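So that the names make sense, note that chain A is the first sequence line, chain B the second, and so on, each numbered from 1. As the structure is a computational prediction, the values presented were derived from the model and not from experiment.
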Number of protein chains: 2
Amino acid sequence: MGLTKTEMYTDLQNEISLFAKGFGHPARVAILQHLFKINTCVCGDLVNEIGLAQPTISQHLKELKHLNLIQGNVEGTSVCYCINTKKWTKMKEIMSQFLNLDILKKEDCC
Amino acid sequence: MGLTKTEMYTDLQNEISLFAKGFGHPARVAILQHLFKINTCVCGDLVNEIGLAQPTISQHLKELKHLNLIQGNVEGTSVCYCINTKKWTKMKEIMSQFLNLDILKKEDCC
DNA sequence: ATTATTAATCGTAATATTGCAATGAACAAA
DNA sequence: TTTGTTCATTGCAATATTACGATTAATAAT
């Protein structure tokens, strides 16, 4: 059905999976890496950088914006994108807590 | 098209996105959390625990197994699942490195 | 041997995601 | 005002994902 039954999970489980889904495409990973690398706003060169068509990049940016992990500020004709540091930090905490569940693990089995 | 153009990204970018996709569903997050919580093998009660149909759980387990994040060992009629600690650690390093890109960031903008 | 239990697989339906051409909106430059 | 630039949106086609009923395979219990 392609339809996730979100109501049967905890808010945290849904939140983790939504962030993960955000990283679940190499183009979005590449976009975020580039934004960090550039270390300032990126004004439009993402299309050249990544190599997908402009509408496709725009769609990926929209998803990242929807997660609030990036911001877009209009600057004349172009738009400047950058990481939303605050949100990124929050996201990182949530994801780290999940990834570090193994430190509670006492023994191996099987 | 629903078809990701993996050839245009680096191996690392593809790897990150594949792991992320693995966490990109709350049922799989719940499965992993449960495996950590139980701290030993889980022999079949995942269906009761999560609340999805047995074939659906089986399918999610298959994906996690394919990523090598969990292992399944046959034990009589049932199958015992547990975290693959080694692989989890490797995955965690890769994901952490990505999540920690913000510590290289010097300044805010926009 | 028959029956019960457990979990994988198959088949199928519904929804989601990915990608891009075409178009539109907003602004700058001429 | 016209033209060019930049990016968002729309519409559509193709593939992927999610979910589950039905079935199968393997073993255990009787």
Quick check: does any side chain N or O of [X] sit under 3.5 Å from a backbone N or O of [Y], one acting as donor and the other as acceptor?
X: A:T89; Y: A:T85; result: yes
X: B:R28; Y: B:K21; result: yes
X: B:W88; Y: A:L99; result: yes

Could you state the interatomic distance from CG (A:N68) to CG (A:N84), rounded to the nearest 0.5 Å?
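Reported to 0.5 Å precision, the distance equals 5.5 Å.
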When you measure from the side-chain N and O atoms of B:H60 to the phosphate of D:dT17, is any distance below 4.0 Å, counting only OP1 and OP2?
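So the side chain of B:H60 is outside the cut-off, no N or O lying under 4.0 Å from OP1 or OP2 of D:dT17.
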Does a side-chain N or O from B:K21 land closer than 4.0 Å to OP1 or OP2 of D:dT17, or not?
yes
What integer distance in Å separates [X]:[atom1] from [N]:[atom2]?
X: A:H66; N: C:dA16; atom1: NE2; atom2: P; value: 14 Å
X: A:I50; N: D:dC7; atom1: CD1; atom2: P; value: 14 Å
X: B:M8; N: C:dG19; atom1: CE; atom2: C1'; value: 10 Å
X: A:K62; N: C:dA16; atom1: NZ; atom2: P; value: 14 Å
X: A:Q59; N: D:dA14; atom1: CD; atom2: C1'; value: 14 Å
X: A:E63; N: C:dA16; atom1: CD; atom2: P; value: 13 Å
X: A:I31; N: D:dC7; atom1: CD1; atom2: C1'; value: 13 Å

Specify whether A:Y9 and B:H25 have parallel, tilted or perpendicular ring planes, treating 30° as the upper limit for parallel and 60° as the lower limit for perpendicular.
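Ring orientation, 0 to 90° scale: perpendicular.
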For side chain to side chain contact (heavy atoms under 4.5 Å, CB included), just list the numbers for A:L101 and B:L32, CA-CA rounded to whole Å, side-chain angles, deciding distance to a tenth of an Å, and then say yes or no.
CA-CA 9 Å; A:L101 283 175; B:L32 292 164; over 6 Å; no
So what does B:E75 hit on the nucleic acid, given a heavy-atom distance under 4.0 Å: a base, only sugar-phosphate, or nothing?
nothing
Strictly under 4.0 angstrom, non-hydrogen atoms only: write out the protein contact profile of nucleotides 3-8 of chain C, one letter per nucleotide from the 5' end, B, S or -.
--BSBB
side-chain hydrogen bond (donor to acceptor under 3.5 Å, both in side chains) against A:T77, all qualifying residues, sequence neighbours excluded
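A:T77: no side-chain hydrogen bond (donor to acceptor under 3.5 Å, both in side chains) contacts found.
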In terms of the nearest nucleotide of DNA chain C, which residue is placed more toward the 5' end: A:G76 or A:R28?
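The residue whose closest nucleotide sits nearer the 5' end is A:R28.
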